[in-house]
Asker: 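Right, I'll just put the structure down here and ask away after.
Chain A is the first sequence line, chain B the second, and so forth, proteins listed ahead of strands; every chain is numbered from 1.
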2 protein chains.
Amino acid sequence: MDTEKYTGILRENGIKVTPQRLEVLRFLDKNRIHPTADDIYRALKKDNPSLSKTTVYNVLDILSKYGLVEVLTISGTESRYDYKSTRHQHFLCTSCGRIVDIHIKGLCMDCMPEKGHKVEEVHGYFKGTCRDCLKGVGG
Amino acid sequence: MDTEKYTGILRENGIKVTPQRLEVLRFLDKNRIHPTADDIYRALKKDNPSLSKTTVYNVLDILSKYGLVEVLTISGTESRYDYKSTRHQHFLCTSCGRIVDIHIKGLCMDCMPEKGHKVEEVHGYFKGTCRDCLKGVGG
DNA sequence: ACCTTATCTGTAATGATTACAATGTAGTAT
DNA sequence: ATACTACATTGTAATCATTACAGATAAGGT
């Protein structure tokens, strides 16, 4: 189940390999749905009933510290997590609550170092109504 | 104390005028520091000891619904509020925790309607180390 | 001044996240 | 293989922002 892939990613970053870390990383890679910590917890608990929610938070914390996952705070009430791959931006549908990926070419990041601040992360957050909700398909 | 200004703004938007709404709106206009709800509550409670924090939340809720204030979720743990004036972006210093305004000209917003989504809000969120912290001045 | 309706207040509940102490586990040296 | 050490995991309890709710209060129209 691709275990070598995720083992390699963790090792390359100097993160000790544990089954829980592998599972969280694999879940985020396979499910690009910007899940909450609780989403991840409930999904992984099916195959690992002894999993603790604290562990999920701990794992997400270390993965984000090493830049393997991105923490999204777009929705306000809870954090969402995203496997970090190619650069993309996020769009929150205020109707169905989903976050969808969008790709913007015009977003110029290199005009950044304004006023001497050192920019380490760039997030483009957009809100509105997604295509499906506009069509009346709903969430 | 500029009461007419804020009374006018509320009236123009069809929002019933109350002392609490005037105070919150005035505070946000005069203090462009992206305060939390609790910051606002503590500041206004000095002159109005009977103020309730629920009222602060209610007022912020209605002001944001009418587009008079912007809700920032950049810092994750708590919402921050910003008087809505000229378009600008936000930069969170991960060292001192402050949010500072930045102005980006290259940020192309009109290349937006991608894949049929209807974009209603655009937020540019940037993280890094602010000028003061880089200089060792600290927060 | 009265009435209706919306607002304000304070307390209690909720829900996400964090703190912490005890248990378990991986890797290493003996 | 055994013991050691350090770190990870677990579960419970605490924290903190936010929301729900019910009673008191105030605003605008008659």
Asker: Looking at residues 46-58 of chain A, who's got a heavy atom less than 4.0 Å off DNA chain D?
Answerer: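 Those residues whose heavy atoms fall under 4.0 Å from DNA chain D, taken from residues 46-58 of chain A in numerical order, are A:Ser50, A:Leu51, A:Ser52, A:Thr54, A:Thr55, A:Asn58.
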Asker: Within residues 61-74 of chain A, which residues have any heavy atom lying less than 4.0 Å from an atom of DNA chain C?
Answerer: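 Nucleic-acid contacts, sorted: none.
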Asker: Let me know, please, whether B:Ala37 or A:Val59 comes out on the 5' side of the other along DNA chain D by nearest nucleotide.
Answerer: A:Val59
Asker: A:Asn31: what forms a side chain to side chain contact (heavy atoms under 4.5 Å, CB included) with it, not counting sequence neighbours?
Answerer: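 So A:Asn31 forms a side chain to side chain contact (heavy atoms under 4.5 Å, CB included) with A:Phe27, A:Ile33.
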Asker: Quick one: list whatever passes side-chain hydrogen bond (donor to acceptor under 3.5 Å, both in side chains) with B:Ser50, sequence neighbours left out.
Answerer: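 Applying side-chain hydrogen bond (donor to acceptor under 3.5 Å, both in side chains) to B:Ser50 gives B:Asn48.
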Asker: For B:Tyr125, which residues count as a side-chain hydrogen bond (donor to acceptor under 3.5 Å, both in side chains) partner, sequence neighbours excluded?
Answerer: none
Asker: Among C:dT7, D:dA8, D:dT10, find the nucleotide with the atom closest to the side chain of A:Arg21.
Answerer: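 From the listed options, D:dA8 comes nearest.
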Asker: Which residues pass the salt bridge (charged side-chain N to carboxylate O under 4.0 Å, His left out) test with A:Glu121, not counting sequence neighbours?
Answerer: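 Salt bridge (charged side-chain N to carboxylate O under 4.0 Å, His left out) check on A:Glu121 returns nothing, list empty.
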Asker: So, using salt bridge (charged side-chain N to carboxylate O under 4.0 Å, His left out) as the criterion, who are the partners of B:Lys16 when residues are at least two apart?
Answerer: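 Result, salt bridge (charged side-chain N to carboxylate O under 4.0 Å, His left out) vs B:Lys16: none returned.
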Asker: Under the 3.5 angstrom rule, does the side chain of A:Thr94 hit a backbone N or O of A:Gly128 as a donor-acceptor pair?
Answerer: yes
Asker: Tell me every residue that passes salt bridge (charged side-chain N to carboxylate O under 4.0 Å, His left out) with A:Asp29, counting only those two or more places apart in sequence or in another chain.
Answerer: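 Here the qualifying residues are A:Lys5, A:Arg32.
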Asker: For A:Lys84, I'd like to know if atom NZ has over 12 heavy atoms of other residues, nucleotides or ligands within 6.0 Å.
Answerer: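 For A:Lys84, atom NZ is crowded (more than 12 foreign heavy atoms under 6.0 Å).
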Asker: Sequence neighbours excluded, which residues qualify as side-chain hydrogen bond (donor to acceptor under 3.5 Å, both in side chains) partners of A:Glu70?
Answerer: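 side-chain hydrogen bond (donor to acceptor under 3.5 Å, both in side chains) list for A:Glu70, sorted by chain: A:His123.
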Asker: N/O contacts under 3.5 Å, protein versus nucleotides 23-25 of chain C?
Answerer:
none

Asker: Give every residue pair that meets the salt bridge (Lys or Arg N to Asp or Glu O under 4.0 Å) criterion with at least one member in residues 40-59 of chain B, sequence neighbours excluded.
Answerer: B:Asp38-B:Arg42, B:Asp38-B:Lys53, B:Asp39-B:Arg42
Asker: Summarise protein proximity over nucleotides 23-30 of chain D in one line of letters, 5' to 3': B for base, S for sugar-phosphate only, - for none, counting protein heavy atoms closer than 4.0 Å.
Answerer: --------
